[in-house]
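Okay, so here's the structure we're looking at.
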Amino acid sequence: MARRIDVTGTDGVRLAAWEFGDPPKTGSDPTEHPTGGDASSVLLLHGLMGRASHWASTARRLSGRCRAVALDQRGHGRSDKPPQASFTRDAYVDDAEAALDQLGLGPAVLIGHAMGALTAWQLAAKRPDLVHGLVICDMRASALGAASQREWAQWFKAWPVPFATLADVRKWFGEDDPWVERPNPARGEFYAEVMAESPDGWRPVFDFGQMLRSRETWVYDAHWEELAQVRCPALVVRGLDGELGRAEAQEMVRVLPRGQYAEVVDAGHLVHYDQPDAWRTAIEPFLDALQDA
């Protein structure tokens, strides 16, 4: 089951939030749920180009223990993509804050992947009253720089869109993409999830320009200072073959006032997609400890 709940983000942008499991039966209003500082609510934030449905497996697993909501962030998934919308860090953080407030989730545990993890720790630093715990999945705190942004712009130009079929999507992203070092079917499935059928074939549900605008608001800066301002317990998770190196991950744990570390073997950047069982094994003890605190 997937239940959609609309949220109004900053500047009036309409956001789609999703529950992928049966919520606690507390009334007919889907926003009426028990909350509190006991890990009873989780907000899941996807990374750049992602969508809430990438969290479906994790959210269903968590729904047996808490209310788990995944958010399609602005420009992504089923949320609005206004041409002139703001795609700054503040806009993303304010949207997540609005989701917590309007859905009655706070204080909640935030689970974020990549850009979504950055949004999560920036919100935790800004509004500690709304964040009870934090899971950071494969996101760097250091600046990536102008070369990285140029590489992404060139990579987008290399996509052979439109794709004729979803099988072609899976094959290109899982095997033929020059960024793929070895065949990765999970990566192909990940990108198939962000495609929609159009008259001439399959195209991404997002706009390339909006993705680059989103990315340019954080790649040039380091984010260590905000990381140090996170006061709640925080778990840094990396895939052994991901983009977050072990040394940087361990430094992030050191900088976090209450940081912990976990790693997932045989996983790349898409940790929760590459190794879903190992991903859940990595985060569930941390969530259990929050619930028992």
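Just so it is clear, the model here is predicted, and its values are computed rather than measured. FYI, the numbering just counts along the sequence from 1.
- Rounded to the nearest 0.5 angstrom, Arg215 CZ and Ser148 OG are separated by 3.5 Å.
- Geometrically, Arg150 does not engage Trp152 in a cation-pi contact, judged by NZ or CZ lying under 6.0 Å from the ring centre and within 45° of the ring axis.
- A salt bridge is defined here as a Lys NZ or Arg NE, NH1 or NH2 lying under 4.0 Å from an Asp or Glu carboxylate O, and Arg246 with Glu263 meets this definition.
- Comment: Lys126 engages Asp94 in a salt bridge, judged by a side-chain N to carboxylate O separation of less than 4.0 angstrom.
- Taking the side chain as every heavy atom from C-beta outward, Trp224 and Met252 approach each other to under 4.5 Å.
- In this structure, the side chain of Asp207 engages the main chain of Gly209 through a donor-acceptor pair within 3.5 Å.
- Looking at Gln73, its side chain never comes within 3.5 Å of a backbone N or O of Leu45 through a donor-acceptor pair.
- One finds the CG atom of Leu244 at 9.0 Å from the CD1 atom of Ile136 (value rounded to the nearest 0.5 Å).
- Across all non-hydrogen atoms, the minimal contact from Pro233 to Phe286 is O-CZ, 3.5 Å.
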Exercise for the section: Start with the C-alpha distance between Asp274 and His269, add both sets of side-chain angles, then the distance that settles side chain to side chain contact (heavy atoms under 4.5 Å, CB included), and finish with yes or no. Expected result: CA-CA 8 Å; Asp274 285 345; His269 178 57; over 6 Å; no
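- Hydrophobic cluster membership differs between Val180 and Val169, with clusters built from Ile, Leu, Val, Met, Phe, Trp and Tyr side chains linked at under 4.5 angstrom.
- Note that the NE2 atom of His272 and the CG atom of Leu270 stand 6.5 Å from one another [nearest 0.5 Å].
- Note that CZ of Phe156 is 12.5 Å distant from CD of Glu151, once rounded to the nearest 0.5 Å.
- Among all heavy-atom pairs drawn from Ala124 and Val131, the shortest one is CA-CG2, 3.7 Å.
- Judged as a side chain to side chain donor-acceptor pair (under 3.5 Å), the pairs with a partner in residues 182-191 (not counting sequence neighbours) are, in order, Arg170-Glu189, Asp177-Arg187, Arg182-Asp241.
- Relative ring orientation between Phe173 and Trp159 is described as perpendicular, the plane-to-plane angle rising above 60° on a 0-90° scale split at 30° and 60°.
- Note that the OG1 atom of Thr119 and the NE2 atom of His113 stand 12.5 Å from one another [nearest 0.5 Å].
- Within the 3.5 Å criterion, the main-chain N or O of Asp277 finds a donor-acceptor partner in the side chain of Thr281.
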Handout entry: Verdict with supporting geometry, Val69 and Ile5, side chain to side chain contact (heavy atoms under 4.5 Å, CB included)
Key = CA-CA 9 Å; Val69 178; Ile5 308 169; 5.6 Å; no
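- Here the closest heavy-atom approach between residue Ala125 and residue Val230 is recorded as N-CG2, 4.3 Å.
- Of the possible polar contacts, one joining the Asp95 side chain to the Thr10 backbone as a donor-acceptor pair under 3.5 Å is found.
- Rounding to the nearest 0.5 angstrom, the gap separating the NZ atom in Lys171 from the OG1 atom in Thr165 is 11.0 Å.
- Listed for the His76 side chain is a donor-acceptor partner under 3.5 Å among the backbone atoms of Arg74.
- By the 30° and 60° cut-offs, the orientation of the rings of Trp55 relative to Trp279 is tilted.
- Using a 4.5 Å cut-off between side-chain heavy atoms of Ile, Leu, Val, Met, Phe, Trp and Tyr, with links allowed through other members, Leu144 and Trp179 fall into the same hydrophobic cluster.
- The local environment of CD in Glu284 is crowded, with over 12 non-hydrogen atoms from other residues, nucleotides or ligands closer than 6.0 Å.
- A heavy-atom distance below 4.5 Å is found between the side chains of Arg238 and Tyr261.
- Ring-plane geometry between Phe20 and Trp18 is classed as parallel, the angle between the planes falling under 30 degrees on a 0 to 90 degree scale with a further cut at 60.
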Exercise for the section: Might you work through the side chain to side chain contact (heavy atoms under 4.5 Å, CB included) test for His54 and Val194, ending with a clear yes or no? Expected result: CA-CA 9 Å; His54 283 142; Val194 298; 3.5 Å; yes
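- The backbone N or O of Asp6 lies less than 3.5 Å from no partner atom in the side chain of Arg14, so there is not a single donor-acceptor pair.
- His46 places no side-chain N or O within 3.5 Å of a backbone atom of Leu44 that could act as its donor or acceptor partner.
- The aromatic rings of Phe87 and Tyr92 sit tilted relative to each other, their planes meeting at an angle between 30° and 60°.
- Taking both residues in full, the closest heavy atoms of Gly201 and Pro162 are given as CA-CB, 4.0 Å, listed atom of the first, atom of the second, then distance.
- Considering every non-hydrogen atom in both Gln149 and Leu212, the closest pair reads NE2-O, 3.0 Å.
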Handout entry: Working for side-chain hydrogen bond (donor to acceptor under 3.5 Å, both in side chains), residues Ser57 and Arg280
Key = CA-CA 10 Å; Ser57 175; Arg280 290 190 292 265; 2.8 Å; yes
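- Between Pro204 and Val161, some side-chain heavy-atom pair lies under the 4.5 Å cut-off.
- The two residues Ala141 and Leu227 make their nearest non-hydrogen contact at CB-CD2, 4.4 Å.
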Practice task
List the steps, then state whether side chain to side chain contact (heavy atoms under 4.5 Å, CB included) holds for Leu62 with Ile111.
Solution key: CA-CA 11 Å; Leu62 293 176; Ile111 299 178; 3.9 Å; yes
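- The cluster map of Ile, Leu, Val, Met, Phe, Trp and Tyr, joined by side-chain heavy atoms under 4.5 Å apart, puts Leu240 and Leu235 in different clusters.
- Put simply, the side chain of Glu248 never gets that close to the backbone of Arg140: no donor and acceptor are under 3.5 Å apart.
- Within a 6.0 Å sphere centred on CZ of Arg89, other residues, nucleotides and ligands contribute more than 12 heavy atoms.
- A salt bridge is defined here as a Lys NZ or Arg NE, NH1 or NH2 lying under 4.0 Å from an Asp or Glu carboxylate O, and Arg65 with Asp288 meets this definition.
- The main-chain N or O of Ala52 is found under 3.5 Å from a side-chain atom of Asp72 such that the two form a donor-acceptor pair.
- Tested against Glu19 for a salt bridge (charged side-chain N to carboxylate O under 4.0 Å, His left out), the candidates Arg67, Arg4, Arg60 yield a single pass: Arg67.
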